[in-house]
Amino acid sequence: MLAIRTRRRKAAALATAAVLAGLAAPSLTATTATATTAAPTTVTSDYDSTYYKDAIGKTGADLKSSLHTIISDQTKLSYSAVWDALKATDEDPADSGNVVLLYSGVSRSKSLNGGDTGDWNREHVWAKSHGDFGTATGPGTDLHHLRPSDVRVNSDRGNKDFDNGGSAVDNGGGSLTDSDSFEPRDAVKGDVARMIFYMAVRYEGGDGFADLEVNGQVDNGSNPYIGKLSVLKAWSDEDPPDAFEEHRNQVIYDDYQHNRNPFVDHPEWVESIW
Ligand SMILES: [Ca+2]
Ligand SMILES: [Ca+2]
Ligand SMILES: [Ca+2]
C-alpha cells in the first residue's frame, strides 16, 4: 500500500510540475486534438476506476449525491465493537501497543480505554448531540468520525462547534477552546474537517437518522448541524491528508466498514461540493 501511495504522490507531483511549467498533460496532447491549454491540476486516487467510478467527473450537488450512494454501502458496527476497531485504526505507527489520541497527540496504551482520568475514550468528532443520534448503531458508531481522545480533553471539547480561537486546553496538545467553539491542534485540523464533511455526505436523512449538514455558525446546539464551514474548509486546505489519516481510511475500508472517506482520497471534492 505504501508503494501505491508513493506512486500516486509521484504522479500527482509530476502532473503539478507539468502544469506549473505550462505544459499540457501528455495524455491530453495525445488524445485531444483541440486541447490548447494545460489541464487543471487533478488529484487521482487508486480507487477512481472502481470504488469512485460513478462519481468521477461530477461536481457540486451531483457529486455529493453520487458519493452518498457510494459510501452508504457499508458494514455497521455496534458501539462496543468500536473500542477494538479504534485500537487498529488509530494505532501508533511507532508503538503497536498504543493509540494516538486525536486532540492531544499523546500516544497512550491501548489497554487504557475507559472513562477515568488518564484513560482514552471514543470521541465523536461530529458531536452526537448535533442531530441526537446517540450511540445506536449508525452515525454514533461510524468509525470515520470516531477517534481515541483523552477523557478530559474529550470533555473539554464537549459538543462545541469548530472555529479558530480561545485559550489553551489543558494537556490538549495545542488545541484551543472558548465558550462556543473548539480549535484542534494544527496537525489534525484537516482530519477533523474531512470527518465532518464525510458525515454531512453520508447522512442525508435516511436510516431513521437526521440529515447532518455543515453550516456557518458555532452555536448549533442540538440541531443536526456543525460549523463553521469557512473555517473547516480552510483547515482542510492547510492540513492535507497524511500517511496516518490515509492508513486509517484504508483500515476502515479493508477490515471494518468497507466504505471510504472520499475527502481523504479526494480533498479537492470539499471545494467542489461546498
Ligand atoms: Ca468561539
Ligand atoms: Ca493531519
Ligand atoms: Ca447531509
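Keep in mind that the numbers below use all heavy atoms, side chains included, and drop hydrogens, waters and symmetry copies. Ligands are counted one by one from 1 in listed order, and the atoms in each one are counted from 1 as well.
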(request) Check whether any N, O or S atom of Asp163, backbone or side chain, sits closer than 3.0 Å to the Ca ion (ligand 1). (result) no

(request) Return yes if a side-chain donor-acceptor contact under 3.5 Å exists between Trp235 and Asn164, otherwise no. (result) yes

(message) Parallel, tilted or perpendicular, judged at 30° and 60°: which one describes the rings of His124 and Phe133?
(response) tilted

(message) Please tell me whether Ser129 and Asn159 have a donor and an acceptor in their side chains that are separated by less than 3.5 angstrom.
(response) yes

(request) Verify the neighbour count for atom CD of Glu268: are there more than 12 heavy atoms of other residues, nucleotides or ligands below 6.0 Å? (result) yes

(message) With no hydrogens and no angle check, just 3.5 Å: does a side-chain donor-acceptor pair link Asp142 and Tyr203?
(response) yes

(message) Taking side-chain contact (heavy atoms from CB on, under 4.5 Å) as the criterion, tell me which of Val125, Asp150, Thr177 meets it with Tyr103.
(response) Val125

(request) Work out the angle at the Ca ion (ligand 3) between O of Leu212 and OD1 of Asp211, rounded to 10°. (result) 90°

(message) I'd like to know: is the Ca ion (ligand 3) within the 3.0 Å range of an N/O/S atom from Arg202, strictly under that distance?
(response) no

(message) Looking at the Ca ion (ligand 2), is there an N, O or S atom belonging to Asp239 that lies under 3.0 Å away from it?
(response) yes

(message) So, 3.0 Å as the limit: is an N/O/S atom of Phe244 located closer than that to the Ca ion (ligand 2)?
(response) no

(message) Lys228 and salt bridge (Lys or Arg N to Asp or Glu O under 4.0 Å): which single residue from Asp219, Asp180, Asp163 fits?
(response) Asp163

(message) Please give the atom name: the N, O or S atom of Glu213 nearest to the Ca ion (ligand 3).
(response) OE2

(request) Rounded to the nearest 10 degrees, what's the angle O of Tyr203 makes with O of Ala200 at the Ca ion (ligand 3)? Could you check? (result) 90°

(message) If you consider just the N/O/S atoms, which atom of Asp180 is the closest one to the Ca ion (ligand 1)?
(response) OD1

(message) Which atom name would you report as the N, O or S atom of Asp191 nearest the Ca ion (ligand 2)?
(response) OD1

(request) Using only N, O or S atoms, tell me which atom of Glu204 is closest to the Ca ion (ligand 3). (result) OE1

(message) With respect to the Ca ion (ligand 1), please indicate if Ser181 possesses an N, O or S atom at a distance under 3.0 Å.
(response) yes

